[in-house]
Participant: 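Below you will find the structure I want to go over with you.
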Amino acid sequence: MAASDRHYELASLADLVQLIAEGWRVTRLHYADRTDPAGPPAALFALARAGEARGVYVPDDGRALSHRTLVEIFRETPGVWKHRSPQAAPAPEVPAGEPPEAWGEVPEPFPQALDLVPSSLREVVPVNQIQSVEGLDIAMVALERHDAGARLRYMCHASDARTRTAMCVLDVAVVDDAGRRYRVAPTEGRPEGNRLEGALVVAPAIPEDVRRLTVTVGTVEADADRGRRASGPWVFPIPLLPAV
């Protein structure tokens with residue numbers, strides 16, 4: 001995305017702070033390694049206020065916060081839609097975590113033996129987070145917490161014109177804020193052209209003391225017949241509230 005796009009106006013860091021103070025809310029962000037063919041790196045912000053919309057871009061001038069630092073400020077804000085180019089910033093490290101066999105029970109064979117039925121449902125957590133990497137959007141929709149495990153509902157959409165005939169998510173890691181790692185497997189995938197709706201099953205059950213679950217999708221197989229893959233990561237920090 002070029003900052004010369006008519007939807008984005010040149011702004012300084014002070015301009016961005018003033019807009020936020022005036023009630024503008026950041027709804028989308030994107031960091032670019034360059035603006036225009038030879039311009040500097042920049043952070044691009046979509047803003048909204050009472051039905052109004054505008055866009056600004058803040059170039060990295062070498063003196064104020066860098067464009068990547070600006071994006072990091074909003075990384076832990078789930079309500080802000082994020083777009084990332086694969087080489088625009090270092091990929092976040094996914095901690096190895098404590099393996100699930102060391103702290104919980106995983107029904108075997110997994111995931112076939114994990115029976116997630118309505119009677120075992122404890123809670124449904126709306127997630128509603130979207131991340132995009134190079135035209136491939138992944139939306140994490142909801143987290144279902146069950147007695148023996150969990151299910152994550154997601155949607156994947158390719159915004160380019162290429163037909164994706166058999167998309168599936170790969171290299172998925174799930175870790176909580178206590179460093180516990182979970183087993184995860186994709187199920188219920190329904191690819192339809194450029195769109196995929198599916199679910200990820202997770203075990204063991206998420207403990208009651210967990211306040212954040214981080215889901216990282218490393219790769220999406222875009223077309224199995226042609227061996228095409230899209231590299232992320234797409235990272236979703238999911239806040240969890242204490243049980244009432």
Participant: Could you list the cluster mates of V124? Members are the ILVMFWY residues connected by side-chain heavy atoms closer than 4.5 Å, either directly or through other members.
Facilitator: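 Members alongside V124: L121.
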Participant: Check whether any side-chain heavy atom of R212 sits under 4.5 Å from a side-chain heavy atom of P237, and report yes or no.
Facilitator: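 Counting from C-beta outward, R212 and P237 do come under 4.5 Å.
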Participant: Would you find a donor on one side and an acceptor on the other, under 3.5 Å apart, between the side chain of T27 and the backbone of A46?
Facilitator: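 Yes; at least one donor-acceptor contact below 3.5 Å.
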Participant: Scan for salt bridge (charged side-chain N to carboxylate O under 4.0 Å, His left out) pairs involving residues 118-127, sequence neighbours excluded, and state none if there are none.
Facilitator: R122-E208, E123-R145
Participant: Which residues satisfy the side-chain contact (heavy atoms from CB on, under 4.5 Å) test with A14, sequence neighbours excluded?
Facilitator: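 With neighbours one apart ignored, the set is S12.
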Participant: Got a sec, which residues hit salt bridge (charged side-chain N to carboxylate O under 4.0 Å, His left out) with R183, two or more places apart in sequence or on another chain?
Facilitator: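 Partners of R183 by the salt bridge (charged side-chain N to carboxylate O under 4.0 Å, His left out) criterion, ordered by chain and then number, come out as E101, E108.
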Participant: Identify, with sequence neighbours excluded, every residue that meets side-chain contact (heavy atoms from CB on, under 4.5 Å) alongside A185.
Facilitator: F110, P111, V201
Participant: Rounded to the nearest 0.5 Å, how far does CG of D147 lie from CG of L116?
Facilitator: 9.5 Å
Participant: How many angstroms lie between atom CD of E98 and atom CH2 of W103, to the nearest 0.5 angstrom?
Facilitator: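 Reported value, rounded in 0.5 Å steps: 8.0 Å.
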Participant: Roughly how far, to the nearest 0.5 Å, is CG of L213 from CD1 of I238?
Facilitator: 5.5 Å
Participant: For A203 and P100, work out which heavy atoms get closest and say how close.
Facilitator: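 Answer, listing the atom of A203 first, then P100: O-CB, 4.3 Å.
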Participant: For residues 42-53, which residue pairs pass the side chain to side chain donor-acceptor pair (under 3.5 Å) check, not counting sequence neighbours?
Facilitator: R49-E52
Participant: Within the side chain of W24, is there an N or O that forms a donor-acceptor pair under 3.5 Å with the backbone of A53?
Facilitator: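 A pair under 3.5 Å: no.
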Participant: Which heavy atom of V26 sits nearest a heavy atom of F45, and at what distance?
Facilitator: CG1-CD2, 3.9 Å
Participant: Work out which heavy atom in I130 is nearest to a heavy atom in A139; give both atom names and the distance.
Facilitator: CG1-CB, 3.9 Å
Participant: Quick one: side-chain contact (heavy atoms from CB on, under 4.5 Å) partners of V141, sequence neighbours excluded?
Facilitator: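 V141: side-chain contact (heavy atoms from CB on, under 4.5 Å) contacts with N128, R153, M155.
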Participant: What pairs meet the ring pair (Phe, Tyr, Trp, His ring centres under 6.0 Å) rule with one or both residues in residues 121-146, with sequence neighbours excluded?
Facilitator: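 Of all non-adjacent pairs touching residues 121-146, none passes ring pair (Phe, Tyr, Trp, His ring centres under 6.0 Å).
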Participant: On a heavy-atom basis, which atom in V217 and which in I138 lie closest, and how many Å separate them?
Facilitator: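 Closest heavy-atom pair between V217 and I138: CG1-CD1, 4.0 Å.
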Participant: Kindly write out the residues that satisfy side-chain contact (heavy atoms from CB on, under 4.5 Å) with P118, not counting sequence neighbours, or none if the list is empty.
Facilitator: none
Participant: Do any pairs count as a side chain to side chain donor-acceptor pair (under 3.5 Å) and have a residue in residues 168-179, sequence neighbours left out, and if so which ones?
Facilitator: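 Checked against side chain to side chain donor-acceptor pair (under 3.5 Å) - neighbours excluded - the pairs reaching residues 168-179 are D171-T219, D176-R180, D176-Y182.
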Participant: Got a sec, which residues hit side-chain hydrogen bond (donor to acceptor under 3.5 Å, both in side chains) with Q112, two or more places apart in sequence or on another chain?
Facilitator: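 Once residues adjacent in sequence are excluded, Q112 has no partner under the side-chain hydrogen bond (donor to acceptor under 3.5 Å, both in side chains) criterion.
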